[in-house]
J.: 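Got a structure here, written out as structure tokens. Questions coming.
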Amino acid sequence: KKNGDGDFRVLMFTDTHIKGDKQLDNMTVSYMVENIREQKPDLVILGGDNIHGYAGDGITQFTAELKVKIAIDRYMSIFEERNIPTAIVFGNHDGEEMVSKETQIKMYEKYDCFVGIDEGEDLYGCGNYNIPIMSSDSKSMAYNLWFFDSNSHCPIPDCDCGEYDWVHDDQVDWYLKKSNELKKANG
């Protein structure tokens, strides 16, 4: 919800590409900590490509999952320690793992500060959701934030376009339906 001054401050980090091995990016982590100290956010959003891709690094599924878990913990512990609500959206590199985004979102859900969800298997992608931001007195919704998985690579079989994926029609349909429900519920 909005703070006592009626403000709501969002701090967004994107393309951090944190690794879960000896090459941890300490400068990025320091940058995150310093920005949190200075900005005092009400919500942190991780905007995709949060972790470094391990596909093709010659590691096993077990090693990849462990490295992903360590990488996620590397930055989520920052927000957890400071009790800052945190939301994520996946980028194309998050999906290039040997570890599915569905497995990754379960890793995020273990943190009390994590406020994201996955709207379900029937919706294309992983991590499509919305977060209503309430007024300071919690009596009404001030506004709403939308999170969409833009997915990874072109889903067309045997396509050699080299392009990335996109937000799909069912995601847009979900947005329209949910948006209309929120409009009705909030006048």
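Note that the coordinates shown come from a computational prediction; the quantities given were computed from them, not determined experimentally.
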J.: Do you know which two heavy atoms are closest between Ser136 and Gly6, and how far apart they sit?
T.: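 The answer is OG-CA, 3.4 Å.
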J.: List in chain and number order the residues that pass side-chain contact (heavy atoms from CB on, under 4.5 Å) with Lys106, two or more places apart in sequence or in another chain; answer none if no residue qualifies.
T.: Glu109
J.: Does Lys69 have any salt bridge (charged side-chain N to carboxylate O under 4.0 Å, His left out) partners at least two apart in sequence or in another chain, and if so, which?
T.: none
J.: Which residues pass the ring-ring contact (aromatic ring centres under 6.0 Å, His included) test with Phe114, not counting sequence neighbours?
T.: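 Expected list: Tyr108.
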J.: Considering only residues two or more places apart or on different chains, which pairs with a residue in residues 77-89 satisfy salt bridge (charged side-chain N to carboxylate O under 4.0 Å, His left out)?
T.: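 Matches after skipping sequence neighbours: none remain.
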J.: If you round to the nearest 0.5 Å, how far is CG of Leu43 from NZ of Lys1?
T.: 15.0 Å
J.: Which residue pairs pass the salt bridge (charged side-chain N to carboxylate O under 4.0 Å, His left out) test when at least one of the two sits in residues 125-148, sequence neighbours left out?
T.: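 Applying salt bridge (charged side-chain N to carboxylate O under 4.0 Å, His left out) to every pair that reaches into residues 125-148, excluding sequence neighbours, yields nothing.
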J.: Does Lys101 have any side chain to side chain donor-acceptor pair (under 3.5 Å) partners at least two apart in sequence or in another chain, and if so, which?
T.: Asp149
J.: According to the salt bridge (charged side-chain N to carboxylate O under 4.0 Å, His left out) rule, which pairs have a member within residues 170-187, sequence neighbours left out?
T.: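 Listed by first then second residue: Lys177-Glu181.
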J.: Is the number of heavy atoms from other residues, nucleotides or ligands within 6.0 Å of CG (Asn180) greater than 12?
T.: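 Buried by this count: over 12 neighbours within 6.0 Å.
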J.: How close do Cys126 and Phe90 get, counting heavy atoms only, and between which atoms?
T.: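 Closest pair (atom of Cys126, atom of Phe90, distance): O-CD1, 3.3 Å.
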J.: Atom CD1 of Ile51 and atom CD1 of Ile70: how far apart are they, to the nearest 0.5 Å?
T.: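 It comes to 12.0 Å.
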J.: Would one find more than 12 heavy atoms of other residues, nucleotides or ligands at under 6.0 Å from atom CG of Asn83?
T.: no
J.: If you look only at pairs with a residue in residues 120-130, which of them pass as a side-chain hydrogen bond (donor to acceptor under 3.5 Å, both in side chains), with sequence neighbours excluded?
T.: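 Every side-chain hydrogen bond (donor to acceptor under 3.5 Å, both in side chains) pair that includes a residue of residues 120-130, provided the two are not neighbours, is Tyr124-Asp165, Asn128-Gln171, Asn130-Asn144.
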J.: Please write out which residues are connected to Met134 in a hydrophobic cluster, directly or through intermediates, given that two of Ile, Leu, Val, Met, Phe, Trp, Tyr count as joined at side-chain heavy-atom separations below 4.5 angstrom.
T.: Leu123, Met141, Trp146, Phe148, Val167, Val172, Trp174, Tyr175, Leu176, Leu182
J.: What residues form a side chain to side chain donor-acceptor pair (under 3.5 Å) with Tyr31, not counting sequence neighbours?
T.: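 Result, side chain to side chain donor-acceptor pair (under 3.5 Å) vs Tyr31: none returned.
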J.: Nearest 0.5 Å please: distance from the CD1 atom of Ile131 over to the CD1 atom of Ile133.
T.: 6.0 Å
J.: With Thr103, which residues qualify under side chain to side chain donor-acceptor pair (under 3.5 Å), at least two apart?
T.: Ser100
J.: How many angstroms lie between atom OH of Tyr111 and atom CG of Asp73, to the nearest 0.5 angstrom?
T.: 3.5 Å
J.: Taking all atoms of both residues into account, what is the closest heavy-atom pair of Ile36 and Ile78, and its distance?
T.: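 Heavy atoms of Ile36 and Ile78 come nearest at CD1-CG2, 3.7 Å.
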